[in-house]
Amino acid sequence: MMVLWAPLGARAAEATAADLSLNQRKLVTLRATLKGESPAERAEAAQQALAAALAGPAPDRVERQVLPGEPPAVRLLVNGIAVLHLVPDDLGGAHAGPLLDAAALDAERRLRQAVAEVREARDPKAWAVGLAFSLLASAAAAGLLWALVQLRRRLLRRAVRQLGAGPAAASRPWWQVSGEHAIAVLRGLVGLASWGVALVVLDVWASVVLRQFAWTRPWGERAGDWLLTQLLDLGRAALGAVPGLLTAGLIFLVARGALGVLRAVLERVERGELQFAGLDADTAGPTQRLVAMVVWLFALAMAYPYLPGASTEAFKGVTVLAGLMVSLGASGVVGQLMAGLSLMYSRSLRVGEYVRIGEVEGTVTALGMFATRLHTGLGEEVSLPNAVVFGQPVRNFSRLVQDDGQYVLHTAVTIGYATPWRQVHAMLLEAARRTPGVLAQPAPYVVQTALSDFYVEYRLCAQGSRAAPRRRAEAMSQLHAHIQDVFNENGVQIMSPHYRSDPADPQVVAAGPWFAPQSGPLPPQG
């Protein structure tokens, strides 16, 4: 027997599926085209039929009728009005026919539940009971959250009292965590646990409240399963990522072991215990950093496919974005890095040497990958970007001295042509001899660097010994003081650097008293 509701053609050029819902509850998914109506049109017609069937106040009857024919079909009726026809093509798949009865029974059950909830949503008494239970559940949830906050405060207060009296950092073993760090870790753990419990309480409260009203009951049923579903998905994802994480961890472990061996060899080179062609104590440190960077990058490239989510489009997008940001913003960083490596491999600077870079003069305390730090000896530390250091001439006062860690002392004075140059040489050498810490060998020497219009420029050069102050500024101060003393004793005036002619009276300081009577002696300089 042929029926009018049979599908047009085999599987009827299946259109886009459409869901039929009632009271926020999904009843069935329609996929077949019947009598020229698409799934969306069939769902709209079923909605209109349900509205007509539930318009009256009469008790609701939900019926299911099996219609014979080829293919078979099932019709669902509400209060005698046909609202839906199900055919095998609505189920999809190659063997949908035998499953039609089971799908129809499930749709009938869902329809009965949805129809009952529609009636319940129109009952004021049901609304009142649901509101009362919702208020009770809200009060219980608020009480639990308040108790959770109080418990968290008490636990942290007790932990602060017990951990705050821990041993001091000076007497604490290296393996023992300080009280402040333990408190910080405990705060984080307690906060994480508190938020987890609060999330569970809020999820249960939302599920209970939404289930009290017929209109929101489907949402409440889904809310009750949401948190558990998320936790199960997270657990399954974590378990699935374990093999990849183990492989990635093994790769990083091998990389760390290889770096340990290389570090031990390069440290021996840096201490002078081993020698390799093209590698010495100055370049062993930067070579170690370069090798570490290459090894870790290589290990990351090998471990990347085994990281969780590495094959997902989101992970690839984040990787591309991170690479683009690094490419755009790291040009200056790369320049500083390359300049630092160039300084290290050129051996123009060493830690402990006294240098002058541009207008900055001081002892090199750190030669890093991105910046060089100098102590000027005047109570300040100057940090210079390596690109700036690399682009300026570097005057090294320590490279040519005999003792490591010392420096060259030199200063210039301008004296008129009326003073014999041999006398000036002798006075400058005498000032160097009086200055503590100036080496006798190699002997200090004086050079005449310029014959200007009104004066001769003399430059004294000497080397400091271990007895000289470690800060070159102090040593230069002592040398300048002795130069002034010697020139005053010999009646020779210093008019540097703008000497033009001799005044009527020599500009020298007579021997004593060295302090004005009204001011008194100055306090000793520490």
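Values below: all heavy atoms of this structure, side chains included; hydrogens, waters and symmetry mates excluded.
Between the CD1 atom in Ile251 and the OH atom in Tyr306 there is a gap of 6.0 Å [rounded to 0.5 Å]. For the atom pair CZ of Arg110 and CG of Leu20, the computed distance is 11.5 Å after rounding to the nearest 0.5 Å. Interatomic distance, Leu86 CG to Arg64 CZ, rounded to the nearest 0.5 Å: 10.5 Å. With rounding to the nearest 0.5 angstrom, the CD atom of Glu108 is 11.0 Å from the CD atom of Gln65. If you take CZ on Arg373 and OG1 on Thr363, they are separated by 13.5 Å, rounding to the nearest 0.5 Å. From Glu117, atom CD reaches atom CZ of Arg25 across 4.0 Å, with rounding to the nearest 0.5 Å.
In this structure, the side chain of Asp90 engages the main chain of Ala32 through a donor-acceptor pair within 3.5 Å. Here the side chain of Asn79 pairs a donor or acceptor atom with the backbone of Arg61 at under 3.5 angstrom. Panel note: side chain Gln48, backbone Ala43; no donor-acceptor pair is recorded below 3.5 Å. A donor-acceptor pair is defined here as one N or O able to donate and one able to accept, closer than 3.5 Å; such a pair exists between the side chain of Glu41 and the backbone of Ser38. A donor-acceptor contact shorter than 3.5 Å is absent between the side chain of Glu37 and the backbone of Thr33.
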So Leu54 and Leu22, side chain to side chain contact (heavy atoms under 4.5 Å, CB included) or not? Walk me through it. CA-CA 11 Å; Leu54 299 175; Leu22 178 63; 4.3 Å; yes

Quick one, Leu374 with Glu381, criterion side chain to side chain contact (heavy atoms under 4.5 Å, CB included). Give me CA distance, side-chain angles, the key distance, then yes/no. CA-CA 6 Å; Leu374 304 180; Glu381 180 183 79; over 6 Å; no

What's the verdict on side chain to side chain contact (heavy atoms under 4.5 Å, CB included) for Thr216 and Trp219, showing C-alpha distance, side-chain angles and the deciding distance? CA-CA 5 Å; Thr216 59; Trp219 297 341; 3.8 Å; yes

Apply salt bridge (charged side-chain N to carboxylate O under 4.0 Å, His left out) to Glu63 and Arg75, showing your working. CA-CA 8 Å; Glu63 302 175 88; Arg75 178 167 56 192; over 6 Å; no

Tell me, with the steps shown, if Val62 and Leu77 meet side chain to side chain contact (heavy atoms under 4.5 Å, CB included). CA-CA 6 Å; Val62 177; Leu77 301 93; over 6 Å; no

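The shortest side-chain heavy-atom distance between Arg217 and Glu120 falls under the 4.5 Å cut-off.
Side-chain N/O atoms of Ser207 and Arg211 include a donor and acceptor closer than 3.5 Å.
By the neighbour-count criterion of 12 heavy atoms within 6.0 Å, atom CZ of Arg109 is densely surrounded, having more than that number from other residues, nucleotides or ligands. For Trp195, the CH2 atom counts as loosely surrounded, since its 6.0 Å shell holds 12 or fewer non-hydrogen atoms of other residues, nucleotides or ligands.
The shortest heavy-atom contact between Ala82 and Ala49 is O-CB, 3.8 Å. Annotation for Pro218 and Ala214: closest pair CD-O, 3.9 Å, computed over non-hydrogen atoms.
Only one option out of Leu27, Leu76, Val74 pairs with Leu84 in a side-chain contact (heavy atoms from CB on, under 4.5 Å); it is Leu76. Partner of Leu111 under the side-chain contact (heavy atoms from CB on, under 4.5 Å) criterion, out of Leu50, Val28, Asp106: Leu50 alone.
Annotation: ring-ring contact (aromatic ring centres under 6.0 Å, His included) contacts involving residues 16-55, sequence neighbours excluded, are absent. For residues 100-124, no pair satisfies ring-ring contact (aromatic ring centres under 6.0 Å, His included), with sequence neighbours left out. Counting only residues at least two apart or on different chains, the ring-ring contact (aromatic ring centres under 6.0 Å, His included) pairs with a member in residues 105-138 are Trp127-Phe213. For the ring-ring contact (aromatic ring centres under 6.0 Å, His included) condition, no pair includes a residue of residues 251-274, sequence neighbours left out.
Remark: Arg119 does not engage Asp123 in a salt bridge, criterion side-chain N to carboxylate O under 4.0 Å.
Residues that satisfy the side chain to side chain donor-acceptor pair (under 3.5 Å) test with Arg122, not counting sequence neighbours, are absent from this structure.
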Under 3.5 Å, side-chain donor or acceptor atoms of residues 135-157 against the rest of the protein: list the pairs with distances, not counting sequence neighbours.
from   : atom 1 : to     : atom 2 : distance (Å)
Ser138 : OG     : Ser134 : O      : 2.8
Ser138 : OG     : Trp205 : NE1    : 2.9

